[in-house]
Structure formats: C-alpha cells, structure tokens
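This report concerns only the one structure given below.
A note on names: the letters A, B, ... follow the listed sequences, proteins ahead of strands, and every chain is numbered from 1.
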Amino acid sequence: MGRRRYPDYVTQIPDKPVPDGLEPKWAERWEAEGTYRFDRERARPEIFSIDTPPPTVSGELHLGHIFSYTHTDAIARYQRMKGLAVFYPIGFDDNGLPTERRVQNYYGVRCDPTLPHDPGFTPPEQPFDPPELVSKRNFIELCERLTLEDEAVFTNLFRTLGLSVDWSINYRTIDQHARQVAQRAFLRNLGRGEAYTAEAPVLWDIDFRTAVAQAELEDREERSALHRIDFHLQDGSPITIETTRPELIVSCVALVAHPDDDRYRSLVGTTAASPLFGVEVPVVTHDLAAPDKGTGIAQICTFGDTTDVVWWRDLDLPTRAALQRDGRLVSEVPEWITTDGGRAAFTELAGKTAKQARRRMVELLAESGDLRGDPEPITHVVKFYEKGDRPLEIVTSRQWYIHNGGRDPALREDLLLRGKEIRWIPDFMRVRYEHWVNGLTGDWLISRQRYLGVPIPVWYAVGADGDTDYDHPIVPSESDLPIDPATSPAPGYEESQRGRPGGFVADPDVMDTWATSSLTPQIAAGWEDDPDLFARVFPMDLRPQAHDIIRTWLFATITRSHFEHDSVPWSNAAISGWIVDPDRKKMSKSKGNVVTPMALLEQYGSDAVRYWAASGRPGADTAFDEAQMKVGRRLVIKVLNASRFALGLGEGAAGDVTEALDRSMLAGLAAVVEEATSAFDGFDYARALDRTESAFWAWCDDYLELVKGRAYGDGPGAGSAHRALRSALSVFLRLLAPLLPFATEEVWSWWQQGSIHRSSWPAAAEFAGLTGDLAVLDAASWVLGEIRKAKSDAKLSMRTPVESVEVRAPDERVAALELARDDLSHAGGVERLEMKIDGESSVGVVLAATA
RNA sequence: GGGCGUUUAGCUCAGUUGGCUAGAGCGCUUCCCUUACAAGGAAGAAGUCGGGGGUUCGAGUCCCUCAACGCCCACCA
C-alpha cells in the first residue's frame, strides 16, 4: 500500500472530525470503485462465498434485518481483508403470498382471475373497502410495480448501512432467471421421482384460498366451546360425544373410541345416527382415541383437524366433505343425507360460513334436544397459516409434493447426516434442525393456488372422454424454461387444443416461494448457466439466517442440494437471534414497538447502529437498546479524534521503535490481534469487537497519555513514539474496519491510499522485531491510574502538578517502571518520582497543591 | 407433554479448558473547560453470579434438581 508524504496528507485531516455524512460519501465511492466486486478469476480455496438471505419484499425492512445483515457483513469484510475473494450477492424475495398480501393491502385490490385484463387500469388512490377486484395480469403488474419501489428503498437502506455486498450479483425470486432455475430444479426432482402429485387432504387457508405447508403453520389460542351432543344408537338410546365443531357433524363418517375402553367396546361394529341428519356412521376404534378426553368417544369428520385425517386414513373411511375452499358449507344438500328431516336441517346451514353454521347448528340441536347442557367455553390451540387471519381448514385437493424424509426414514437419515456435515454457529442450532426433521409428518407441499409465483411447469393430457390424466404430466424441455404453461401449449399440442377433449390443460398452480428461495445458492451462483462460476463458489462457505426459518429456508435448501448435487449447500450456517424489546417480547408491528431503521441510521450514524448490532452474540436474541448506539457513536468519535491526534504528531523514521513503552504497547496489541482473529475465524464478531474496543479505549486512556509528552517533543524518543502510534493506529483501524466501515475508511483516507476494506487484516508478522515487555505499559498505567485517583480524591484538576510519587513494588515491576520513568513523570505531572523495591505494591502521591 | 436457550450490579451484557480479591458500558455520585476528543476526561459507590443439593484444595464456570422467562415441537374431540 502506498503512503503519501507527511505534508500532503496532514492537510486532509479535518480540525474537528465528525461522524456525520460519511455514509453517502463512502457508499458512493465504494460502488464507483468496485471495492466489493467479486473477483471470479480466483480459485475455490481463495474464495469465500455467502448465501445471503434475500429479504422478503412485503413491506419495510426492520431492525432484525439491520442486526443480522450487519453480522454477515462483518464476516464478509473480515474474510475479504484476510485476502479471500468474497462472493457476496444480494437478492430480493419478491415472489409469493407475502408480496401478494402487501399489494392487496397497499392498493386495496384483490385478484379475480376470471376478469379480463384491463390495459388502462390504475389502482385506487386510497385503498377502500370492499377491495377492488382486478384481473390476474393487472394484479401481477401491481406486484411488479410495488416490489420495485420497495426494493429501491431496501437497496438504499442496505447501502446506508454499509453492506459490502456486490450489487452486480443481484437477483429477484420472480425474475426470469430465478423462474428458470426453480422450474429446472423442479423438473429434475420430477424426473428423479422426488416430486410427485397427489390428491389428498391438505391444510387450507380459506382467505388466501391456498394450501399451506407444515412449515408455515403457527399455533394460536382461540376461544371456543365444547358441545356435548347426542348421536343415536340403533336401539334409540343416545350416545354423547363432545366437540368444538358441531357444524361439521354433517361431515361425520364414524365415531371412534379407544379399543380398550370398556364403556364403548360393545358398540364397536354397530352404527349410530347423527343428530338432525340421521346419517348412520359406524362405531370404530383407534389407539389415538383418548378415553380421558371428553366422553371418550369422538366424532370423526372429514375433516375437522389433523387427527381426523389420521383416523380417516388408517381406518379407510369415506370422505364426506361439506366445507368448501372459501370456508362456507356447500349450498346443495349432500347426497349422503337421505332423510327428509336431515335435508331440511341442512338447508338451514347451506352456504353459511363455519362460524355462522356453528351458531345455527347449536340452535337446531338445542331445539331437537340433542344438545346436552350449555356449551362449555374453552380456550384451545388451533393451527393457523403463519400469515393468515382465520384458522386453517382441511380440504381434499390435488397438490404437488417433494420428498423431504417426512415419509421416508432413509431419506430422513440422509438429511440428518447433511445437518451433521454443516458447522452450526452457535452449535445448538443444529438441534433445532434435527428436531424439525425428526418431527416431519409428511412430504413438502410446494404447490400454491395463487397468482404471483413460478408456475408449475407441466401440462396434463385430456382424454377423449374429457378426463384429465394427472398421472402422466407432460413436461417442457429444459431449454424452453422459464415457461408459463397457462400461455404456452404443451409440447406436441396446439394452443387451440387447450382444455378440449383430446387436448391438454395446464397445471393451474404456482410453486410456493420457498420452492424458489430454497435454490438461492443455485440462483446466485449460476447453476447450469455458468458452470465455471458455480464450481468456484458452490458449495458455499456461509449461510447466514435467523433461527425462525430453519424449518423452512434452511431445511429446504439442504433438501434441494442433497437431491441435485449430492452435497450440502454450504459448510457453515450462522444463525442469528431476534431483536426483542426491553421486555423480552419479540418486536412486532402489532405491539407498536417497531422502530424504523433509517431513522436510527440517521440519528446515530451507521457505524453506531452496526456497533449495537455487533454487540449481540451469534444466535443470541438481543434487546433493542439505543444506549448501545450512543456508545457506538462515542467510539466512532473517539476513533476520529484519536486518529487525528496520532497522525498529527508526525510520521517518524521507518523501523525505529526503540522505546520500551512503545514496544510494550505493540506487544499488547499483537495479543489483541490474535484474539480478534481467532474470534472472527469462529464467526464471533461480537467477541472481536469487544476485545478490540476495550484495547482501543485503554490505548487512548493510558498509552496516548503516557506517550504524549515525548511525542510532542523532538527528542530521541519522539520518532519511536510516532512510529509506534502509526503502527498501532493502522492495526486498530483495520481491526475495527469490519464493524465500523465508515469511520475507519474515513481515517484511512487521511493517510493511506486505497480502501481500508481492501487492505490486509493485521497479522502477527507486522510486529516482528517491534515488540517488548508487556509489563512496562502495565506498570506505567497502574501508577498513572494511582496518580489520577489521588488527584480525583483531592477534587483537583488532572493538570495539578505532583510534588512527589513514591512507588513501592517488586523488583521486576520497578525495573519495568524505570524503562518508562520519563513518560510517566510527564503524563502525571510528577516532579520527583522515587521507586523502592518492596513485596507489597503501593503508590504514595504527594500533590503540590496540598503540600 | 417433549426439546432448546436464557437467568451475573438499577439497565444491557462479558466472563473460552474450574484459580475471581466477579468485570465492562449505560445510569448514578463526585470532580475536571487538560493544547485529540465537553456528543469529552478522571475517580467512586453498587452484585450472597435465579433457588437448593453435590463433586473439588478451590465452582459464576462441572454434575443433579427445582423455578422463572423466551422460543420450537406434539394426535389441540
């Protein structure tokens, strides 16, 4: 690295450096100079590749993003300074339901795919209720428009934060390339038998009208009520069940008790008639029926909850679905209700929402005398789609799945082994992964009945009889990807044959967004499109992400990589914690405690906010704490001022650190370098910051004060001081550069050429021949502290002269102090310094003012 | 019901293989306009390291147990 001569650079040091305004200045310079551009010519061992999380474009970035992205950036900057070419892409996840929901709320619209495209459409100025219905194409256009706006805001925030991503490696999960990768990977899965389609009960969100996957579930407490309701045995006697879903009695296909339950054993094999509807259902047994729950005998509906699905599957029961995908009961009387009374009763419920039907059903049951007592209010836990507002229902539908080990012990074992191949930071996060894999109950449901997403790239032949052949999907050639089967005809067919007997139909679904984002390494690294790049960066070195999406993003990425590449997607997974408010609650919009990141960056400066973020250990949930940002800002100011001071003293001649105090300081610094390096090697940016920061403050408080007098002068020791100050400053700046990129770059520019972020990480070799005995600075700091204490106790200025100091200490310490005698005397304002060898250490101070 | 994590000064947190007379910052108190820094500096007070047991010469650190909090999972009629 080049260095300018003293007279040139010193003029560039501002008289009063301030931390404000550094962000735009340096963000622009870094971009213009390509400071963080990936060098793809480097060989794999010289590359560090990062599978950066593409933030979901469904609103604003929040503090959690600032927090975890700062961690990754610190690692990236460290690796870059270590000499590696850092592959650090950025993407946006703007595909899927979260984006649709954002668009719906933002513009006040809903997609109605039956509407024709309106070329002159403009969204409502103000969202109103009810929402305006728009065509699918208009809806997608709105998604495109809003995501681009959101992404521009995200980009601005990330640049202001100082992320050292390579902005030229940019992707969006709805762009053509991502679609191509997602479809190609899907077709490969299909070709190898890892993807399949099946008609089965699925968890269904009645508002979004789509199936959802196990990984997207969330439990929520709901107020409900237990109803005791009589079915009727053949002899006319009642048999009471307990249920929270009386409106689903119409879908009842059996009553179930435990095989060992004596109360019901005699009934097994007989039938019971449902109340009101008079539908005869068998009494059956199953191990899952709990004798101690309710009356010990339960109705099995198709389907009220996941237990119903298990019973239905295990006992081979019929399907009597009455709840539609919009959450309402069917409007026609189901054919399995055959009695006139039953038909009349159902008419009362037809077309109602589940909630309305429940209320009416209870009234009807009360009238008929089948309701025993009053419903008992309870609170119970119900499955929700994590982004949904109403409880999930279960409906039967045709969906696409990818194997994930949920129904295949051998695959499960393979995926667990993949988990063991990865280094987890912190290590216990591996347990969460294993726990999730071991708890899977079924394959990964990837199809969604939505609009904004990557289409499932298949068609189905329609027979001459008009029946669709779902068992033999027609697939496109990989060279035709990306493709939309809704607009392109199936290979070998004409568009005119769409939807006709003897023709074809397109699969109507899109893939869930995780089915695309599980391929971020492949998307970013040019899988199949750029084999040279792919070979250089894949498997990647690091996947940084938060712990709440281990079950989704992390797991799915491992699964796809396992199938496609027979390898792990990355060697390290660094899992960040969450930001919680000071009450330890997760911060969320609904609690109204969300702070906008940009306001904080502007108020405290990006380095200060990064300082706060870096104080949270890897994996640890961290409190939002503005006080930490103030401390960070203070550190930034200190760096600027101390640098100005150290650089303003002079340059010194090369290679002449002669004074014991200076060599002692550098020896201490060498140890700090070692600590920070090993911390960063373990991805522990927090420890690296902690060690560096305390060393830096101590350096300012003690060493700078001790060396000041000598450095101001032009005596024989001045050159040593200047040289040591500059060496130390260079090291401190570089140690702090990954964490405080703006301030350190600013100072670097005062006296060095090139970016500090392209300079080399401090190494022990830099100190070769420059270090001395640690004890010298230690001892001098100790005595200086005692002198300060004496002055402070006497409530006197630190400038107060000291008549005499008498130090008593063991001989080694006295010998060390002798080596710093002049510096110490000057720093303390001591006129007479006496030292005596003693077993006990003590410092006697006689202040001039009190003498 | 199972699992994981957390519990150290008023607050936010360090404390790496057991050696701590337990540290830092914020806040608080006192003092200091000192020529790098008053968006600063110096000094100080403040903790039975969640409770209880155990291992050990020695435990904040290891083992057992209990509790609180957070998160994840579970077949939630």
I want to verify a distance call: between C72(B), A39(B), C32(B), whose nearest atom is closest to the I637(A) side chain?
A39(B)
Length of the line joining R799(A):CZ and U34(B):P, which is rounded to integer Å
4 Å
Just wondering, more than 12 heavy atoms not from D427(A) lying within 6.0 Å of its CG?
yes
The nucleotide from C71(B), C37(B), U34(B) with an atom nearest the side chain of M798(A) is U34(B)
Would you say K16(A) reaches C37(B)'s phosphate, i.e. side-chain N/O to OP1/OP2 under 4.0 Å?
no
Rounded to the Å, how far apart are R687(A) CZ and G15(B) P?
5 Å
Would the number of heavy atoms belonging to other residues, nucleotides or ligands and lying under 6.0 Å from CD of E221(A) be above 12?
yes
Regarding E786(A) and K789(A), does a basic nitrogen lie under 4.0 Å from an acidic carboxylate oxygen?
no
Take atom NE2 of H826(A) as the centre, draw a 6.0 Å sphere, and report whether it contains more than 12 heavy atoms from other residues, nucleotides or ligands.
no
Residue whose closest nucleotide on RNA chain B lies nearer the 5' end, W311(A) versus A215(A):
A215(A)
Regarding the side chain of F428(A), the nearest nucleotide among G5(B), A42(B), U12(B) is G5(B)
How many Å lie between CG on L217(A) and P on A74(B), as a whole number?
8 Å
Secondary structure of RNA chain B per the Watson-Crick/G-U criterion (both distances under 3.5 Å; [ ] crossing, | other strand, . unpaired) is (((((((..((((.....[...)))).(((((.......))))).....(((((..]....))))))))))))....
Can you figure out which of C75(B), C32(B), C71(B) approaches the side chain of S797(A) most closely?
C32(B)
Pairwise 5' ranking along RNA chain B for R551(A) and G785(A), keeping only the more 5' one:
G785(A)
A24(B), OP1 or OP2 - any side-chain N/O from Q628(A) closer than 4.0 Å?
no
C26(B) phosphate, OP1 or OP2: any side-chain N/O from R634(A) under 4.0 angstrom?
yes
Before accepting this row, confirm whether a basic side-chain N of the pair D205(A)/K383(A) lies closer than 4.0 Å to the acidic partner's carboxylate O.
no
Go through A42(B), C37(B), C73(B) for me and flag the one nearest to the K638(A) side chain.
C37(B)
Round to the nearest Å and state the distance from R633(A) atom CZ to A39(B) atom P.
11 Å
Per R432(A) side chain, nearest of listed nucleotides U12(B), G70(B), C73(B):
G70(B)
Do R723(A) and E651(A) meet the salt-bridge criterion of a basic N to acidic O distance under 4.0 Å?
no
Whether E386(A) and R551(A) form a salt bridge (side-chain N of Lys/Arg under 4.0 Å from carboxylate O of Asp/Glu) is what I want to check.
yes
Atom pair distance, as rounded to whole Å: CD in E218(A) and P in C73(B):
9 Å
Of the nucleotides C75(B), C37(B), C76(B), which has the atom closest to the V381(A) side chain?
C76(B)
Choosing from G15(B), G41(B), C75(B), which nucleotide comes nearest the side chain of R691(A)?
G15(B)
For the pair D702(A) and R788(A), evaluate salt bridge (charged side-chain N to carboxylate O under 4.0 Å, His left out) and give the outcome as yes or no after the intermediate values.
CA-CA 11 Å; D702(A) 294 336; R788(A) 285 173 179 154; 3.2 Å; yes
